Structure formats: structure tokens, C-alpha cells
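Worth saying up front: this structure is predicted, and the values here are computed from it rather than measured.
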Amino acid sequence: MFNPSENDLRFAIHKTIGLDQINDLPGYAEVSDDLVDAILSEAAKLSSEVIAPTNHNGDVEGSHWHQGGIVTTPKGFKEAFKAMGEGGWCGIGVAEEYGGQGMPNLVAAAVREMWHSANMAFALCHLLTEGQLEALQGCASEEQKRTFIPPMAEGRWTGTMNLTEPQAGTDLAAIRTTATPEGDHYRIKGQKIYITYGEHDMAENTVHLVLAKTPGAPDTVKGISVFIVPKFLVNEDGSLGERNDVKCVSIEHKLGIKGSPTAVLAFGEEEGAIGYLVGKEFEGLKIMFQMMNHARFSVGVQGLAISNRAYYQAVAYANERKQGLPMEREAGAAIIHHPDVARLLSTMRAEIEAMRGLALYGAMCLDRGHHDATWQARADYLVPIIKGWMTERSLGITSDGVQVHGGMGFIEETGAAQHYRDAKILTIYEGTTAIQGNDLVGRKTSKDKGAAAFALISELKEGASEALRGAADKAEDAIKFILSGKLNARQAHAVSVPYLMMMGYLLGGWMIERSAKAADTATAEGGWDADFLKLKPQLANIYRGHSLPDVHRYAETILSGAQAVEDVDIMALSA
């Protein structure tokens with residue numbers, strides 16, 4: 001039931017996006033078609049043979065907390081993570097000078113899709129580690145980079161992100177964790193919650209990146225600093241020293257991703273945990289956002305991945321299950337021939353195709369953005385859309401996967417329900433969909449007066465179908481209305497999620513049309529399976545008819561629905 005979609009990923013990289021988009025960047029000239037094919041082939045093998053078999057068991061068994069703050073992961077997790085490390089996969093995007101493979105985001109994102117489709121709860125561990133690696137490569141001192149990056153790139157150590165506290169979720173100004181200077185380090189005291197893989201048994205050491213406030217720091221987000229706090233202190237020769245004053249108090253019992261331990265961590269219950277300042281004092285939020293931006297993009301990829309897992313399970317079931325006589329089909333035909341099942345599966349596959357194109361296009365923008373401010377602005381605009389739209393759609397697609405199974409989908413043993421449960425967290429962690437929408441409408445649109453948005457739509461219109469151009473025109477009208485000054489701040493935020501969803505559907509339409517055109521070119525060139533290529537334009541037609549109209553629906557909400565939210569008597573809702 002697991003399919004790593006190796007051919008679809010290969011086609012999207014080579015044809016829909018194109019390696020020529022990144023080959024002119026420093027360090028990527030030798031990223032060839034053959035190299036990418038070899039990476040994808042080996043990643044597909046690892047995902048199928050090692051990671052995917054741990055998925056169902058991980059959900060059933062879950063991770064467990066034991067006295068003394070010890071956490072054990074489900075059967076097979078340790079072995080799978082060891083295989084990732086030994087294969088060099090944990091450092092795929094890390095610079096070669098720190099022990100990594102130095103691959104571009106365009107390639108690394110494709111590999112991540114396979115991992116998260118195979119077992120999202122397991123792959124979460126490395127998602128957080130990759131985010132920390134991104135932050136440390138950009139902001140840490142050279143000594144810190146040499147000490148902490150190579151072991152994480154090798155898969156011997158893992159990393160976490162420590163923001164949330166019981167009283168401080170989105171409002172990071174309310175954090176109470178303290179960092180008191182002591183010689184060349186700080187003593188960290190406080191409690192952090194919702195720490196993914198904050199404690200586990202898959203690696204030798206865990207490196208926590210912790211937000212805290214130093215004495216006399218401003219009582220706002222401008223007073224936050226960030227610290228490296230390792231589970232085990234590191235000796236000068238790189239070996240592990242004594243246990244730091246960090247303890248796992250408990251792990252959460254969750255709706256989904258049950259294989260991953262979500263920890264409550266206590267820092268400094270005794271003398272205080274030793275931590276090392278990253279960057280300068282009060283730069284914590286800037287540094288953490290660098291990590292979070294990477295994580296938000298990766299969560300969008302998770303939305304794509306879990307959708308793909310749910311789709312292939314649903315289509316396998318639909319090909320086997322016989323129930324009723326499909327209209328105008330012969331007796332004994334499987335339920336995939338029922339018109340509505342065909343509609344569900346076709347739309348699922350079309351939206352996955354669109355999502356994959358958008359994810360890899362965003363990855364390419366991130367690669368180019370490291371060297372060009374204009375591309376960075378485009379990447380910044382795309383990240384909240386990729387995170388928000390793709391995770392929201394993962395809920396719809398995994399729900400459709402359950403629907404295809406009928407009553408059997410509601411039964412845990414089939415596994416369809418797990419994908420639906422797992423998908424829900426994606427719209428919440430690393431910033432809810434509302435936070436992504438507010439970011440999109442505020443910092444990413446109003447701040448530059450829509451420059452990034454309009455530039456993207458202008459490019460999208462070139463060579464677009466009539467349906468896509470019409471949707472783009474409607475989206476432009478909606479964005480101009482947001483920028484017109486006719487909405488106050490509350491009204492703009494009331495339609496920020498519809499704006500995000502509108503752009504997701506629009507950009508997905510752009511990507512699936514690019515895929516269909518690339519398939520036409522590839523057909524003439526040869527070298528690809530004919531049936532594989534023939535499906536691409538069919539999926540584009542499905543998307544135009546069943547998904548693209550949502551651009552108009554969300555645009556109408558933006559143009560006419562903001563005041564309706566303000567007019568509601570909020571207190572009466574509780575009556």
C-alpha cells in the first residue's frame with residue numbers, strides 16, 4: 001500500500017521544475033539528472049524496505065515514558081534511524097564542510113516526501129533536526145558548527161526546537177525560561193512543552209535549541225535569546241560527557257503521530273542546565289524563525305506526503321473491493337469503476353500532483369533565494385501557502401481516502417484512519433493555518449503592497465489555460481481589495497485563511513498545467529512510459545474542473561465575507 005512515487009518525483013524535478021533552475025548556483029553545477037535519479041532510487045528503497053514497515057506498528061505501539069525520564073520508541077524505529085544515518089541521509093542538505101551531502105532543497109524535499117509518506121511519525125525526528133541544522137549553519141559560531149553539526153549530519157545526534165511553554169504558545173513574549181550567564185555558558189531554567197522527540201532512544205545525544213530570557217531582558221519578543229542545550233555535555237575532543245540538567249517529565253497522549261514522543265522537558269530542576277548562546281543576545285526570535293521557516297516548508301511537504309500515502313492505500317483498496325454493480329460496467333467490476341469513487345481518486349491524485357509541483361517549485365525558490373533577494377522574497381511568500389494550503393488539503397484528501405474504504409475505512413485495522421488522524425496535527429504545529437494566513441496577508445502581502453504576489457501571478461498567466469487565467473484575474477481582484485484600505489486589520493485577518501487557500505488552489509493549478517505541458521514535451525522526446533505521461537494532462541483536466549473553481553469561491557469570500565465575521569455577536573455564540 002506504500003508507493004514512494006519515485007517516477008512522479010523524478011518527472012517533477014527533471015521536467016516540471018528543471019535542474020537547470022539550480023545548476024547555475026554555487027555548488028550545484030554537478031547535480032545532474034543521473035545523480036538525482038540515483039538518489040531518488042536509493043531513497044525509495046530505504047523508504048519502502050526500512051521505514052514504511054514501521055508505520056502501522058508505530059501507531060499501534062506508540063512511544064512510552066518510563067521512570068527516570070527515559071523514553072522508548074516503537075519497535076523498528078531505532079534500526080530505521082540507524083540505517084538513515086549509515087546511508088548518509090541525515091546530512092543530505094548539510095554543507096559538505098560539516099559532513100553533509102550538500103544537496104539542494106529541490107532534491108532534499110523530494111527525499112523528505114518519501115520519508116514522511118513512509119512513516120510521518122518516525123520522519124518527524126529528522127524534520128526537527130534538519131530545521132536546527134539550517135539555523136546553526138546560518139547563525140552559530142564556527143566552533144559551535146564544528147561541534148554540533150557533524151554528529152547530527154551523521155545521524156548520531158538529533159535536534160529539537162524548544163519554544164512553547166504552558167503559558168506561552170503563539171505569544172512568545174510570555175516565555176518564562178531564564179538563562180543566567182556563568183563564565184562561557186549560561187544556566188537554563190524553565191519548562192518547555194510539545195517538544196517533538198525531546199527524549200528518545202534513537203540517538204546518542206539530543207541537541208535542544210531553547211528560547212529563553214537573560215537577566216534584564218525586555219519583557220517582549222525583542223528580549224528573547226536562543227541557546228544550544230545538549231542532553232549530554234560535549235568534551236573538547238567531541239566525546240560525550242556528563243548528563244546535562246534536562247529531564248523529560250512526561251510525553252503526551254495524542255490523536256495521531258503516536259509513534260513520535262512529544263515531550264514535556266524540565267530544564268534546571270537542580271543546578272541549571274548548561275546552555276550556549278547562539279548568535280547575539282536578543283537575536284533569539286530571528287534565529288528561531290530561520291529554523292521555523294525551514295520547518296514550516298517541511299510540514300507542507302508532510303501534507304503532500306500523508307496525502308500520497310492515503311491515496312495509494314485507497315486506490316489499492318478500490319481495485320480489490322467489489323460492491324454493487326458500477327454503472328454501465330460488467331458484473332464483478334471493482335468499486336474503482338463507480339463514478340463517485342473514480343471522482344474521489346482522480347481528484348486526490350490531481351491535487352497531489354499539484355501539491356508536489358508547488359512543493360518542489362518552493363524548494364527551488366529557497367535554493368535561489370540564498371543568492372538572490374528577489375527569489376528569497378518569492379520563497380518567503382510561498383512558505384505560508386505551502387504550509388497552510390497543503391496541510392489543509394491533506395485533511396480533505398485523507399478523509400476522502402477513508403471515504404473510498406467505506407465502513408472499512410472507519411475501522412483502525414485497515415490503516416486508512418491513521419492517515420486521517422496523523423494529518424490533523426499538520427494544520428496546527430509550526431504555526432496554525434490562521435498564523436500562516438495572518439503572515440501571508442500582513443508581512444508577505446501588505447508590507448510590499450502585493451509586489452511578490454502580483455509578480456507571481458503575472459508569471460503564472462504566461463501560457464496559462466483560459467480557466468487558469470480567469471482564476472488568476474479573480475485572485476488579483478481579491479488581493480487588490482485586501483490592499484485597497486477598505487478592510488481594517490481585523491477584517492483582513494478574518495479573510496486571511498481564505499486568501500491563503502485561494503492562492504494555494506491557484507498556484508496548484510499553475511503547477512499541474514506545467515506538469516501537463518512537460519508531459520507533452522516528454523512524449524515527443526521519448527524515454528518515459530506512455531501511460532505515465534498520458535495521465536498528466538488528464539489530471540490537469542480533473543484539477544481545472546474540480547479544484548480550480550475553489551479560487552473563485554475563496555475570492556468571493558474575501559470580497560464580501562469579512563464584515564460578516566465582524567457583525568457576529570461573539571458572546572452570543574456561547575449562549
Side-chain angles (χ1 to χ4, degrees), residues 4-47 87-89 91-96 100-115 117 130 134 294 297-298 300-301 304-305 308 352-372 374-376 378-379 382-383 386 456 459-460 462-463 507-508 510-529 532-533 536 540:
S5 295
E6 180 184 346
N7 285 334
D8 284 298
L9 284 163
R10 182 181 288 115
F11 184 85
I13 291 174
H14 294 324
K15 299 297 182 180
T16 306
I17 307 301
L19 284 175
D20 60 319
Q21 295 295 310
I22 55 108
N23 283 146
D24 62 328
L25 298 176
Y28 298 150
E30 296 182 4
V31 180
S32 64
D33 288 354
D34 288 343
L35 176 60
V36 171
D37 287 349
I39 290 171
L40 293 180
S41 179
E42 289 302 312
K45 190 181 300 182
L46 176 73
S47 300
W89 297 105
I92 187 169
V94 176
E96 292 182 70
Q101 307 302 318
M103 287 295 107
N105 279 296
L106 179 58
V107 177
V111 173
R112 287 186 205 117
E113 184 199 324
M114 292 188 190
W115 292 340
S117 185
E130 283 190 306
E134 179 80 7
H294 185 280
F297 172 79
S298 295
V301 173
L304 160 64
N308 201 51
I352 289 166
E353 181 87 0
M355 290 160 69
R356 181 175 290 119
L358 184 55
L360 295 178
Y361 180 80
M364 181 272 290
C365 292
L366 287 169
D367 288 325
R368 298 202 68 85
H370 288 305
H371 308 278
D372 185 299
T374 301
W375 281 101
Q376 186 59 52
R378 178 163 291 190
L382 288 173
V383 165
I386 289 170
L456 191 57
E459 185 176 332
L460 175 154
E462 296 176 9
L507 296 173
W510 182 31
M511 287 298 118
I512 202 166
E513 287 200 355
R514 285 177 59 150
S515 177
K517 290 175 183 176
D520 287 340
T521 302
T523 299
E525 295 173 349
W528 294 83
D529 179 78
F532 174 83
L533 294 176
K536 300 294 184 184

Quiz item: With distance as the sole test, does Asn308 use its side chain to make a donor-acceptor pair with the main-chain N or O of Ser5 at under 3.5 Å?
Solution: no
Exercise. Identify the heavy atoms of Ala354 and Met511 that sit nearest to each other, and give their distance.
Key: O-CB, 3.8 Å
Exercise. Test Phe297 against Glu134 for side chain to side chain contact (heavy atoms under 4.5 Å, CB included), laying out the working first.
Key: CA-CA 12 Å; Phe297 172 79; Glu134 179 80 7; over 6 Å; no
Quiz prompt | Between OG on residue Ser298 and CD on residue Glu130, distance to nearest 0.5 Å | solution = 6.0 Å
Exercise. Quick one: list whatever passes salt bridge (Lys or Arg N to Asp or Glu O under 4.0 Å) with Asp8, sequence neighbours left out.
Key: Arg349, Lys536
Self-check item: Qualifying residues under side chain to side chain donor-acceptor pair (under 3.5 Å), relative to Asn7, sequence neighbours excluded
Solution: Arg10
Quiz item: Can you name the nearest heavy-atom pair linking Leu360 to Ala109, along with the distance?
Solution: CD2-CB, 4.1 Å
Practice problem: Side-chain contact test, heavy atoms from C-beta onward, threshold under 4.5 Å: evaluate it for Leu507 versus Leu456 and give yes or no. | Solution: yes
Quiz item: Looking only at heavy atoms, what is the nearest atom pair of Ala359 and Leu304, with distance?
Solution: CB-CD2, 4.2 Å
Exercise. Side-chain contact test, heavy atoms from C-beta onward, threshold under 4.5 Å: evaluate it for Met114 versus Leu9 and give yes or no.
Key: yes
Quiz item: Under 4.5 Å between any side-chain heavy atoms of Cys365 and Leu382, yes or no?
Solution: yes
Practice problem: May I ask you to test the Leu366-His294 pair for a side-chain heavy-atom distance under 4.5 Å? | Solution: no
Self-check item: Nearest non-hydrogen partners of Leu358 and Ile386, listed with the distance
Solution: O-CD1, 3.8 Å
Practice problem: Would you list the pairs meeting side-chain hydrogen bond (donor to acceptor under 3.5 Å, both in side chains) in which at least one residue belongs to residues 510-523, sequence neighbours left out? | Solution: Glu353-Ser515, Ser465-Glu513, Glu513-Arg544
Exercise. Drop me the distance from His370's NE2 to Ile22's CD1, to the nearest 0.5 angstrom.
Key: 12.0 Å
Quiz item: Is any side-chain heavy atom of Met103 closer than 4.5 Å to a side-chain heavy atom of Leu35?
Solution: yes
Self-check item: Short side-chain to backbone donor-acceptor contact, Ser117 and Glu113, under 3.5 Å
Solution: no
Exercise. Please report the closest heavy-atom contact between Asp367 and Pro104, naming both atoms and the distance.
Key: OD2-CB, 3.4 Å
Quiz item: Can you name the side chain to side chain donor-acceptor pair (under 3.5 Å) partners of Asp24, sequence neighbours left out?
Solution: Arg368
Exercise. Give a yes or no answer on whether the side chain of Asn23 reaches the backbone of Val31 with a donor-acceptor pair at less than 3.5 Å.
Key: yes
Exercise. Specify the closest pair of heavy atoms between Ala522 and Trp528, including all atoms of both residues, with the distance to one decimal.
Key: CB-CD1, 3.9 Å
Identify every side-chain donor-acceptor pair in residues 14-21 under 3.5 Å, counting partners at least two apart or on other chains, and give the distances.
unit_1 : atom_1 : unit_2 : atom_2 : d
His14  : ND1    : Asp33  : OD1    : 3.2
His14  : NE2    : Asp37  : OD1    : 2.7
Lys15  : NZ     : Glu525 : OE1    : 2.9

Self-check item: Contacts of type side chain to side chain donor-acceptor pair (under 3.5 Å), residue Glu96, not counting sequence neighbours
Solution: none
Quiz item: Considering only heavy atoms from C-beta outward, does the side chain of Leu46 approach that of Trp115 to under 4.5 Å?
Solution: yes
